Engineer: 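To start, I am sharing the structure in question, which I have written as structure tokens.
Model, not experiment: these values are computed from the prediction.
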Amino acid sequence: MTHAFLRNIMRNQSDPALSADDIVSFVRDGFIRIDEAFSEHIAEQARAILWKATGCDPDDCSSWTRPVVRLDQFGQAPFREAANTPKLRGAFDQLIGVGRWRPRDSLGTFPVRFPHEDAAGDDGWHIDVSYGYEHPDFMEWRANVCSKGRALLMLFLFSDVGVDDAPTRIRVGSHADIARQLAPAGEAGLTLRDLAADGFAGSAHRREKLALGKAGTVYLCHPFLVHAAQRHRGTAPRFMAQPPLMPREPISLCREDGDYSPVEQAILNAISHR
């Protein structure tokens with residue numbers, strides 16, 4: 001990564017959300033953690049809404065009868081505010097490019113994970129594919145090397161998440177492995193079935209990191225980052241949203257002016273070292 005690239009990303013940033021070191025970390029590792037991205041008060045307001053939607057009683061663990069309850073999109077004020085804080089919007093500008101991403105007016109989905117004896121059966125390694133949703137079989141949904149339809153994967157923590165609270169598992173640097181896997185397929189890309197054919201063995205050598213943090217923490221992840229859920233071994237349910245950030249314009253790996261975003265530069269770095 002060149003000094004010119006970093007100067008370009010940091011230009012006109014009097015109070016940047018992300019430092020130059022953060023940008024380097026994102027390109028290398030495929031994610032960045034932002035503490036206090038939104039307030040704990042907003043998280044508390046959002047949890048009250050989510051608890052009602054689960055149909056469970058927060059004060060009666062006997063009502064927690066399933067290991068995971070999946071909730072869709074929520075557009076109430078706490079969710080809109082969480083998704084659009086100045087700190088996050090500034091980070092989006094730095095990672096995607098000013099004017100290149102679409103603001104969110106809702107957050108979802110929410111896989112609310114409860115302490116439970118039963119396994120949820122959804123803890124395999126994967127990436128979040130980003131188009132082809134019209135196909136009824138989700139294993140036929142697709143991703144391509146330009147990450148059509150997705151600029152970022154985001155993890156919004158609406159509750160405190162410790163090591164026992166089903167934190168998302170992340171394979172550090174795995175976005176590079178997926179970029180190299182997708183590159184030969186070009187614009188057509190690969191299906192999730194194609195990508196998962198070897199159980200994501202191509203990134204099995206990567207160091208594992210847990211998405212821990214206080215309520216209000218957000219992980220901004222490269223769309224190719226390999227990650228996985230895990231069983232809840234704690235005492236309090238975990239509330240986390242995992243929405244995409246949508247691109248306003250397509251991610252490009254061939255910009256005449258060389259004005260590549262960190263998301264794009266990470267892909268270029270990976271496919272130039274095959």
Side-chain angles (χ1 to χ4, degrees), residues 17 31 33-61 63-92 95-96 101-116 120 122 126-131 133 138 141 149-162 165-168 211-221 223 225 227-230 232 234 236-248:
F31 69 95
R33 167 178 161 165
I34 301 181
D35 294 324
E36 299 178 348
F38 60 97
S39 72
E40 292 193 28
H41 177 63
I42 289 175
E44 183 179 12
Q45 291 179 312
R47 280 199 310 274
I49 295 169
L50 294 168
W51 265 116
K52 290 181 180 179
T54 66
C56 301
D57 185 341
D59 300 315
D60 180 9
C61 61
S63 69
W64 308 349
T65 59
R66 290 176 285 172
V68 60
V69 174
R70 299 187 183 281
L71 305 176
D72 201 2
Q73 300 291 320
F74 288 79
Q76 295 94 325
F79 302 98
R80 295 195 306 273
E81 292 169 13
N84 290 284
T85 63
K87 183 180 288 190
L88 285 177
R89 293 176 70 93
F92 299 158
L95 293 178
I96 310 303
W101 54 273
R102 294 188 180 279
R104 291 201 60 92
D105 57 8
S106 66
L107 283 181
T109 58
F110 285 85
V112 183
R113 297 195 181 273
F114 291 85
H116 204 278
D122 63 349
H126 65 284
I127 68 164
D128 285 12
V129 287
S130 57
Y131 68 101
Y133 297 139
F138 76 91
W141 298 352
R150 183 185 297 268
L152 289 174
L153 164 69
M154 304 186 289
L155 308 177
F156 281 71
L157 306 190
F158 282 90
S159 60
D160 295 349
V161 179
D165 303 321
T168 298
L212 308 174
K214 302 286 289 182
T217 302
V218 174
Y219 285 77
L220 300 181
C221 307
L225 191 69
H227 59 285
Q230 63 174 306
H232 198 309
R238 186 211 68 179
F239 291 87
M240 183 193 79
Q242 48 187 36
L245 186 68
M246 307 298 286
R248 186 182 295 276

Engineer: Please say whether more than 12 non-hydrogen atoms of neighbouring residues, nucleotides or ligands are located less than 6.0 Å from CD in Glu44.
Structural biologist: no

Engineer: My understanding is that only one of Cys221, Pro223, Pro244 makes a side chain to side chain contact (heavy atoms under 4.5 Å, CB included) with Leu153; could you say which?
Structural biologist: Cys221

Engineer: Between Asn84 and Arg89, do the side chains contain an N or O donor and an N or O acceptor separated by less than 3.5 Å?
Structural biologist: yes

Engineer: Looking only at heavy atoms, which two atoms of Leu245 and Arg102 are closest? And how far apart?
Structural biologist: CD1-O, 3.6 Å

Engineer: Roughly how far, to the nearest 0.5 Å, is the CG atom of Asp160 from the CD atom of Glu40?
Structural biologist: 6.0 Å

Engineer: Tell me, with the steps shown, if Phe92 and Met154 meet side chain to side chain contact (heavy atoms under 4.5 Å, CB included).
Structural biologist: CA-CA 11 Å; Phe92 299 158; Met154 304 186 289; 3.6 Å; yes

Engineer: For a side chain to side chain contact (heavy atoms under 4.5 Å, CB included) with Arg33, tell me which candidate from Thr217, Leu220, Leu157 qualifies.
Structural biologist: Thr217

Engineer: Tell me, do Pro167 and Met240 make a side-chain contact under 4.5 Å, heavy atoms counted?
Structural biologist: no

Engineer: Are any non-hydrogen side-chain atoms of Arg248 and Pro103 less than 4.5 angstrom apart?
Structural biologist: yes

Engineer: Can Phe156 and Leu88 be said to form a side chain to side chain contact (heavy atoms under 4.5 Å, CB included), step by step?
Structural biologist: CA-CA 11 Å; Phe156 281 71; Leu88 285 177; 3.7 Å; yes

Engineer: Atom OG1 of Thr54 and atom CH2 of Trp64: how far apart are they, to the nearest 0.5 Å?
Structural biologist: 10.0 Å

Engineer: Identify the heavy atoms of Ala120 and Pro67 that sit nearest to each other, and give their distance.
Structural biologist: CA-CG, 3.9 Å

Engineer: Look only at the side chain of Arg150 and the backbone of Val129, and say whether a donor-acceptor pair between them is shorter than 3.5 Å.
Structural biologist: yes

Engineer: So, for Phe38 and Phe158, is the gap between ring centers shorter than 6.0 Å?
Structural biologist: yes

Engineer: Taking all non-hydrogen atoms of both residues, which atom of Arg113 and which atom of Gln230 are closest, and how far apart?
Structural biologist: CD-O, 3.9 Å

Engineer: Would you say the side-chain atoms of His126 pair up with the backbone N or O of Ala228, donor to acceptor, closer than 3.5 Å?
Structural biologist: no

Engineer: Please confirm whether the backbone N or O of Ile127 pairs with a side-chain atom of His227, one donor and one acceptor, at under 3.5 Å?
Structural biologist: no

Engineer: If you measure from CG on Asp35 to OH on Tyr219, what distance do you get to the nearest 0.5 Å?
Structural biologist: 7.5 Å

Engineer: Closest heavy-atom contact between Pro237 and Ser159?
Structural biologist: O-OG, 3.8 Å

Engineer: Please determine whether side chain to side chain contact (heavy atoms under 4.5 Å, CB included) holds for the pair Asp165 and His232, giving the CA-CA distance in whole Å, both sets of side-chain angles, and the decisive distance to 0.1 Å.
Structural biologist: CA-CA 5 Å; Asp165 303 321; His232 198 309; 3.6 Å; yes

Engineer: So do His41 and Glu81 actually touch side chain to side chain, heavy atoms under 4.5 Å?
Structural biologist: no

Engineer: Quick one: does Glu36's side chain have a donor or acceptor within less than 3.5 Å of a partner on Gly216's backbone?
Structural biologist: no

Engineer: Please determine whether the number of non-hydrogen atoms from other residues, nucleotides or ligands lying under 6.0 Å from atom OH of Tyr133 exceeds 12.
Structural biologist: yes

Engineer: Without swapping roles, check the side chain of Trp51 against the backbone of Ala46 for a donor-acceptor pair under 3.5 Å.
Structural biologist: no

Engineer: Determine, stepwise, if the pair Ser106 / Phe79 fulfils side chain to side chain contact (heavy atoms under 4.5 Å, CB included).
Structural biologist: CA-CA 6 Å; Ser106 66; Phe79 302 98; 6.0 Å; no

Engineer: Between Phe110 and Asp72, what is the shortest heavy-atom contact and its length?
Structural biologist: CD1-O, 3.8 Å

Engineer: Which atoms form the tightest heavy-atom contact between Ala83 and Leu107, and what is the distance?
Structural biologist: CB-CD2, 3.9 Å

Engineer: Looking at NZ of Lys87 and CD1 of Ile34, how far apart are the two atoms once the value is rounded to the nearest 0.5 Å?
Structural biologist: 7.5 Å

